**Student:** 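Mind looking over this structure? Questions follow.
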Amino acid sequence: MESSFVLLFMFTSLIVFMLSGAGLAFVLGAIAFISTILLWGPSALIVAVLNTFETMTSESLMAIPLYVLMASILQKSAIIDALYDAMETWSARLNGGLAVGTIIICTILAAMTGVVGAAVAAMGILALPSMLSRGYHPPLALGAICAGGTLGILIPPSVVTIVYAITAQISIGQMFAAGIVPGLILAGSYIAYILIRTWINPALAPKPEQVDDLPLGVKLAKLKSLILPAFVVLGVLGSIYTGIATPTEAAAVGVLGAAMSAMVTRRLSFTMLSGAATETLRVTAMILWITIGARAFISVFVATGGADSILGFVESFEASRWIILGVMVLVLIFLGLFLDEIGIILLCVPVFLPIITTLDFDPLWFGVLFMITAQMAYITPPFGYTLFYLKGVLPDGIGIGQVYRGVIPFFLIQVGVLILFAVFPDLVTWLPEALSQVGK
């Protein structure tokens with residue numbers, strides 16, 4: 001059977017089954033198995049078995065359940081509640097202060113947990129009622145929570161970044177370093193937008209009429225809530241960049257730090273650990289099943305010459321390399337409307353990365369662009385995950401339509417920052433290069 005027919009069958013089947021709502025992992029696996037049988041017969045399925053075994057024994061993938069466990073423990077340890085209390089105290093006199101504080105807390109949570117759901121769910125429960133009770137414009141409050149929550153994709157230790165680094169065969173530590181500056185710039189851009197928007201129209205985020213004038217000593221005492229998050233962040237990232245631990249070993253350090261934090265807040269219990277372990281099992285199983293299915297799909301795609309065909313087409317295509325890069329980014333943004341970021345990485349990176357190398361772009365820099373498009377996927381309808389995380393905690397009278405309107409300005413900010421990093425790649429690469437020089 002001709003390989004071109006099989007490739008057409010694979011991608012047509014992928015589109016059809018995805019539109020049917022079937023699970024991505026099982027769609028990818030089923031298409032790969034059927035294509036393998038059509039091409040080489042049932043005996044060739046041993047390749048899929050070997051790929052699965054290689055995936056399940058990958059040492060790098062061990063970091064994923066450890067970081068997810070760390071995030072689950074921190075989410076249940078009351079640290080987020082204390083952070084919000086401190087933020088509310090210090091931002092009370094500022095127009096848009098609660099929204100700005102929400103972005104700051106989401107940035108801290110991103111550096112603590114590396115996952116998106118924890119920040120969005122926590123801020124939806126804590127920050128949203130407080131902002132709405134003070135008369136905040138609902139779309140502004142909702143957009144700040146959704147956009148701030150996506151910072152966990154870019155700022156290390158990000159689970160999504162780990163998946164990208166493993167798939168692209170890039171150093172996880174280098175990818176972590178590459179995400180720090182872009183993540184902070186993106187967070188700063190959100191804050192600047194909120195401050196400018198509320199300065200132009202104070203009615204969007206009014207100051208409270210009466211503010212408790214707390215003594216400076218009380219305000220400073222509330223900052224002690226930053227100690228535990230700093231302890232966890234320094235434990236994870238510090239152990240990586242000082243060379244004490246690999247990113248996988250640093251994940252174990254993070255779990256220990258999270259457990260100690262829960263002990264300090266007196267939330268450490270068998271019931272809490274059991275719930276965290278169950279959540280970790282669920283998330284990790286989802287990621288690994290998608291990984292197994294995607295690797296089987298891509299292995300058939302490569303074996304039938306699909307990757308070589310695309311690469312040859314790009315090499316013969318008479319267009320600027322920047323136009324080709326722009327087309328790839330648009331493809332990623334489009335896929336983000338329908339697929340989760342793990343699936344997009346596992347499907348697109350093996351195909352796109354050889355093109356990026358051929359065009360003489362830095363794979364590390366492209367990885368950050370990739371992560372920003374993944375952030376876009378989290379806040380774009382119809383399947384943006386943060387939209388559904390937040391939908392579950394919306395109060396009466398607030399509909400999903402207001403959430404959609406709220407994320408539009410932040411989506412445009414992400415587009416602007418994406419263009420900024422495309423035009424000035426040194427903003428992405430200088431920190432990893434500096435750290436690598438220190439390591440030498």
Side-chain angles (χ1 to χ4, degrees), residues 14 17-18 20-33 45 47-76 112-121 149-150 152-153 157-168 172 247-252 254-255 258-259 270-299 335-336 338-350 374 377-378 383-386 388-389 392:
L14 178 63
F17 284 117
M18 287 304 304
S20 73
L24 178 62
F26 304 107
V27 168
L28 292 171
I31 294 173
F33 287 174
L45 290 176
V47 176
V49 175
L50 295 175
N51 282 336
T52 301
F53 182 79
E54 181 183 359
T55 299
M56 300 304 291
T57 55
S58 170
E59 182 178 343
S60 298
L61 285 174
M62 286 179 59
I64 293 176
L66 290 173
Y67 280 122
V68 174
L69 178 60
M70 178 184 75
S72 297
I73 294 174
L74 287 171
Q75 188 176 3
K76 302 173 187 297
M112 288 169 57
T113 64
V115 296
V116 172
V120 176
T150 63
I153 293 176
S158 165
V159 171
V160 178
T161 298
I162 294 173
V163 176
Y164 176 88
I166 294 171
T167 307
I172 295 175
T248 300
E249 294 165 345
V255 172
F270 177 79
T271 302
M272 187 270 277
L273 288 176
S274 177
T278 302
E279 176 69 10
T280 301
L281 178 63
R282 184 186 67 81
V283 174
T284 305
M286 177 195 69
I287 293 174
L288 289 179
W289 271 114
I290 294 175
T291 303
I292 291 169
R295 287 197 173 182
F297 185 93
I298 291 298
S299 65
L335 290 176
F338 308 101
L339 299 179
D340 65 276
E341 75 288 352
I342 301 295
I344 296 172
I345 289 172
L346 295 171
L347 278 175
C348 295
V349 169
Y378 260 91
F383 300 120
Y385 280 99
T386 58
F388 293 102
Y389 291 150

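All values below come from the heavy atoms of this structure, side chains included, with hydrogens, waters and symmetry mates left out. Source: prediction; values computed, not measured.
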**Student:** Measure the CG-OG1 distance between Leu273 and Thr280 for me, rounded to the nearest 0.5 Å.
**Tutor:** 10.0 Å
**Student:** What's the separation between atom OG1 in Thr284 and atom CH2 in Trp289, rounded to the nearest 0.5 Å?
**Tutor:** 14.0 Å
**Student:** Which pair of heavy atoms, one from Pro157 and one from Met70, lies closest together, and at what distance?
**Tutor:** CG-CE, 4.1 Å
**Student:** Below 4.5 Å, heavy atoms only, C-beta onward: do Ile172 and Thr161 meet side chain to side chain?
**Tutor:** no
**Student:** Please answer whether the main-chain N or O of Ser274 pairs with a side-chain N or O of Thr278 as donor and acceptor at a distance below 3.5 Å.
**Tutor:** yes
**Student:** Quick one: pull up CD in Glu249 and CG in Leu66 and give me the separation to the nearest 0.5 Å.
**Tutor:** 10.5 Å
**Student:** Which heavy atom of Ile153 sits nearest a heavy atom of Ser158, and at what distance?
**Tutor:** O-OG, 2.6 Å
**Student:** Testing the basics here: between Ile345 and Pro350, what is the closest heavy-atom pair and its distance to 0.1 Å?
**Tutor:** O-CD, 3.7 Å
